[in-house]
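When a residue number appears, it is its place in the shown sequence, counting from 1. Just so it is clear, the model here is predicted, and its values are computed rather than measured. These numbers come from the heavy atoms of this one structure, side chains and all, not from hydrogens, waters or symmetry mates.
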Amino acid sequence: MEPIYKRVLLKISGEALAGDQKFGISDETTNTVAKQIKELCDLGVETAIVVGGGNFWRGRSSENMDRATADYMGMLATVMNALALESALNIHGVKARVQTAIEMREIAEPYARMKAISRLERKEVVIFGAGTGNPFFSTDTTAALRAAEMDAEVILLAKNVDAVYSDDPEINPNAEKYDSLTFKEVVDKDLKVMDLTAATLCRDNGIAIHVFGVAGEGNIMKAVCGEKIGTIIK
């Protein structure tokens, strides 16, 4: 298999890392993802990763909590996932390093664009944790921002659904599956792929988005090699 991209940003949702248990981190799923990332690295694909935190924390848990505090708690959740993925990659012989937008030097590097690019050029995997470091921004926006900063060609959006649908396929069995979309169609159809800020960043910087299911065997490799799986937005 031959990759069609040199540098990619892989966005993994927290829910995807939870696997079937729906909460926390599934060792089996994390191990499977790490194996697939190792396959990319073996092909020489430079890989950056942004992880979500929805498997631990999503939104405000009570009306008494302000949005900024809830968002900071979500950022901490992403760091836990990033560290778990870093550990899994290291076990598989892949040199990986977590960089966080909020400094916590004892466990990760502070985010530094040029250092991250240098690591990618050395074929190391860089995992970005703690979102953008600012409340009111999603990890989807983080993925779009870091992809632009890293000069990534595509965002690989690994989710717990296998593509983009017109509606939630678990609720509506008649939901239409899309093979390809434009950014305008995503906005006009109000499809819940990424938030509007993230989609706009990708559109303005010419970054394609490839949405696919993380659970499918070899799906990350298939997406990087240009196989027709999931949904491509560009």
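Separating the CG atom in Leu17 from the OG atom in Ser26 is a distance of 8.5 Å, to the nearest 0.5 Å.
Contact check for Thr142 versus Thr78: no side-chain heavy atoms found under the 4.5 Å cut-off. Considering only heavy atoms from C-beta on, Val45 comes within 4.5 Å of Val8 through its side chain. Side-chain contact check for Ile49 versus Ile37: some heavy-atom pair is nearer than 4.5 Å. Inter-residue side-chain proximity for His210 and Ile229 is flagged as met; some heavy-atom pair is nearer than 4.5 Å. Using a 4.5 Å heavy-atom threshold, the side chains of Phe137 and Asp195 count as separate. Considering only heavy atoms from C-beta on, Gln36 stays 4.5 Å or farther from Leu40 through its side chain. Taking the side chain as every heavy atom from C-beta outward, Arg119 and Glu109 approach each other to under 4.5 Å.
Hydrophobic cluster membership for Leu9: Val50, Tyr111, Met114, Ile117, Leu120, Val126, Phe128, Met150, Ile155, Leu157, Val164, Tyr178, Leu181, Phe183, Val186, Leu191, Val193, Met194, Ile207, Ile209, Val211, Ile233 (Ile, Leu, Val, Met, Phe, Trp, Tyr linked by side-chain heavy atoms under 4.5 Å, directly or transitively).
The two residues Ala208 and Lys234 come nearest to each other via the heavy atoms CB-CB, 4.0 Å. When all heavy atoms of Met75 and Pro135 are compared, the pair lying nearest together is CE-N, 3.5 Å.
Cluster annotation: Met80 is not connected to Ile91 through the hydrophobic network of ILVMFWY side chains, with a link wherever side-chain heavy atoms come within less than 4.5 Å.
Applying the side-chain hydrogen bond (donor to acceptor under 3.5 Å, both in side chains) rule to pairs touching residues 39-55 yields Arg7-Glu46, Lys38-Asp42, Glu46-Lys123, Asn55-Asn81, sequence neighbours excluded.
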Go through it in stages, so that I can follow the logic: the residues are Tyr72 and Ile102, the test is side chain to side chain contact (heavy atoms under 4.5 Å, CB included), and I'd like the CA-CA distance, side-chain angles, deciding distance and then a yes or no. CA-CA 10 Å; Tyr72 281 122; Ile102 298 173; 4.1 Å; yes
Test side chain to side chain contact (heavy atoms under 4.5 Å, CB included) applied to Glu86 and Val51, step by step: CA-CA 11 Å; Glu86 177 191 57; Val51 286; over 6 Å; no
